[in-house]
Each structure stands twice: as C-alpha cells, then as structure tokens.
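Presented below is the structure to which this report refers.
When a ligand or atom number is given, it counts from 1 through the structure's own listing order. Nothing here was measured: the structure is a model prediction, and the numbers come from that model.
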Amino acid sequence: MTVSSVELESRPAGVPDGSAAADLLRTDLVPLRTLVEQARPTDVERALRARRRSLADFAVLLSDAAGDRLEDLAQSAHATTVRRFGRTVRFFAPLYLSNECVSTCTYCGFSAGNDIARRTLTPHEVVAEARELRSRGFRHLLLVSGEHARIVSKDYLVECVRLLAPEIPSISVEVQVWDADTYRRLVNAGCEGLVVYQETYDRSTYAAVHVKGKKRNYDWRLAALDRGAEAGMRRLGLGALLGLHPDWRFDALAVAAHAQALMRRWWRCEVSLALPRLRPAAGGYEPTAPVDDRTFVQLLCALRLFLPDLGISLSTREAPELRDALLRLGVTQMSAGSHTEPGGYADATDAEPQFEVSDTRPPDAVAAAVQSAGYDAVWIDTIGPRRSTL
Ligand code: SF4
C-alpha cells in the first residue's frame, strides 16, 4: 500500500503560518491510515459511543470493521444531522461561465487538449442564466469556470458578480485560485462563498493527474481557502474527487483533517465539504478507482459523526435514488437540475459539459422528493448583511 503523508519537513512557499493549510501539513496522516487497517469491533463501538470524536475516531469509522456496523453509523449520523441542522436541505445551482481552460487535467472534460465546443458567456448572458435559475427558485448560485486567466479574468469575474449581486442573495465562486487581493475584490462586488477542491491530497497522484497549467501548484491551491477567508469570504467549500487516488481512505482522512483545520482557524465562516465521485468525461476519461455506493454511505456517515457542524454538499453526479437516501444521513446542501456546460439554462447550447449529470430531474421534482421525505427545501439561506459593495 502506498500512502504518502502530507506532512513535510518544512513549510512550502504559498502556505503561510497561521493558515489551515499549514495546520494540515503538520498533521501526520500515516498513523491514522494504519489505524483504519487495525481497527477492531471494540474500537468501532467506542467511536460510535463517543460524545466528541477525534480524527482517530474518524479513522476507525472508515474501517472495514465499521463497515459491518453501517446501520448503526447511519442511525447515529441521521440523529446528529437532525439535531444540528433540523430537517432541511439548502438548494443551489452551478452556473457555468466558461469551459475555456489552459490547464491539462486528465479527469476533466474541459482539459486544454480536448477537442470540444468552447464557450464563454458574456456578463449579460450570465445575468440571463441567473434570471432563468431564479425563475426556477434558486437564490444561491455557484459560478463555475475553467482556468483561463485572460478570458475568465479577474475583471470578468468581478463584473459578473457585480451584475448578479442585486438579484441573487448568495453568490459563490468555483474558479481558478487567486490571490487574497482578487478574492477581496470579489467579496466587495458581492461574493460570499469560495469553493476550492484539492481533488486529491496525495502529492504524487496530484502531480500525475494535473499535467499542465497553474493547477499543478499543490500548495498554492491548498492555501486558497485561507486566502479567501482572509479576504472576507464567509462560506468556504472544500472537497476531494473520489476515485482519483486509488486509496480513497487516504483522501477521506486528509479532506476531513483539512475541514477541521478550516473550521478551527476560520470559525466565523460556514465550512462545507463535497465528495464528488468521478464520472466519465470528454476525452474518454474513465475513473480508475471507483468508490461504490456502500463505501460512499459509510464515508458520509463517518464525516457527519466526526464533524457535526460541517455542511455536506451533494451534486447531481449522484443518481436520484441515492441522493434521496443520503438526505437522511447528513447531506445539508444539494444542487438540482444542473447543467455543467456554459449557457445550458436559458437556451440550448452545443458547448461541452464538464461531466455527465446523473440526477436529471428538474429542481421542482427534487424539491418534491425532499418534501415527501419529510424535509424542507431551503432556497434562500443568507448569513448576515452583505459587505460593502463597489
Ligand atoms: S479541472 Fe479545472 S483546471 Fe483542470 S482541466 Fe478542468 S477546468 Fe481546467
């Protein structure tokens, strides 16, 4: 088994002291990974009964021994979620701005080498898309784009946010990582959330799948959420792409440790985590290490038990039946009716999507399923007055 620690001899450039990223780099994950292998039924029983759980308890809950107690994990995760969040799920929609990208990532449909139909929305087309999403009920939008610093520039992003802010109460971005000054400009334009997935925390896998482009800089990406929080972002989203690294448990430990570090350092921010499972993408990519449904359920339950206050987000990559079931186990945010190509909402477009959507139900059908499960679909959930505007 090859598991490389994220602990380093010295702090790398791009990871400042006092950041959650630096806290993560000081965490030796190798002993925890060993604990997963060695956990016995009595360890699982103790972790299940614990009132507050450590990262070591989380490791135990990822074990095969804990897999044998999946029903107990599920019941406990359900009770914890209802106690902390009630029976609610917050809805959001991704709004793809552009599928232009100069980076080469082996698993992504937007990768620079892929011969696909490219499109970048004008700021006014972005507003048209947002209005369409608003008419479908959404008040929380996640602006997504590939990495192209000239076409999807800082000024372009700030302009999009500025135009949307009067109409959309909650705007987050999932775009290439920037410096704190750029995040500050986005915050001042009306952006409140930053989403940055590390994709995999294993450095060698990270280097192998991020072949070309700025995304190759592991440490600069790792500290992006710290820069965003420092700039005033109030919602922080992190995640790992399950199936990228052959050892899903290593990435689960790392992303959970990162979430805990962010929640401690940036305790005024709302932190949420997503664990998208890789799906086929343009360029012929097929996931090499798929994570099955039972394993995925165990992981989500373990996360909920480890970090009761953590938001857990679930995308339309997952099938409808599984999404409906996971609602009871810890999911607090869901996208619905998603298009992963730029311009997919207001009009038909031939632009290439980033990945195949699995839950293709329209948002009102997803909301109806949520309600019939006894949960409230929350379309708007603001976290206080917006900061200064331009
Ligand atoms: S993952 Fe991001 S940076 Fe990599 S190819 Fe896709 S859009 Fe570009």
* Indicate whether the side chain of T295 and that of D292 have a donor and an acceptor atom separated by less than 3.5 Å. =>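 Looking only at side-chain atoms, D292 and T295 do form a donor-acceptor pair, the distance falling under 3.5 Å.
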
* Asked: Do L326 and I312 sit in the same hydrophobic cluster, where Ile, Leu, Val, Met, Phe, Trp and Tyr count as joined when their side-chain heavy atoms come under 4.5 Å apart?
  ->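 Yes, L326 connects to I312 through the hydrophobic network.
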
* Asked: Taking it one step at a time, do R185 and D155 satisfy salt bridge (Lys or Arg N to Asp or Glu O under 4.0 Å)?
  -> CA-CA 9 Å; R185 286 183 65 196; D155 290 347; 2.9 Å; yes

* Asked: Below 4.0 angstrom, N of the basic side chain to O of the carboxylate: do R84 and D309 qualify?
  ->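 Between D309 and R84 there is a salt bridge, with a charged N closer than 4.0 Å to a carboxylate O.
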
* Asked: Only one of Y201, F250, Y218 clears ring pair (Phe, Tyr, Trp, His ring centres under 6.0 Å) with Y206; which?
  ->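 With Y206 as partner, ring pair (Phe, Tyr, Trp, His ring centres under 6.0 Å) holds for just one option, Y218.
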
* Got a sec, which residues hit ring pair (Phe, Tyr, Trp, His ring centres under 6.0 Å) with Y345, two or more places apart in sequence or on another chain? ->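 Listed in chain order: H339.
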
* **Distance below 2.8 Å from atom 8 (Fe) of ligand 1: protein N/O/S atoms** =>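 Less than 2.8 Å away from atom 8 (Fe) of ligand 1 sit C101 SG.
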
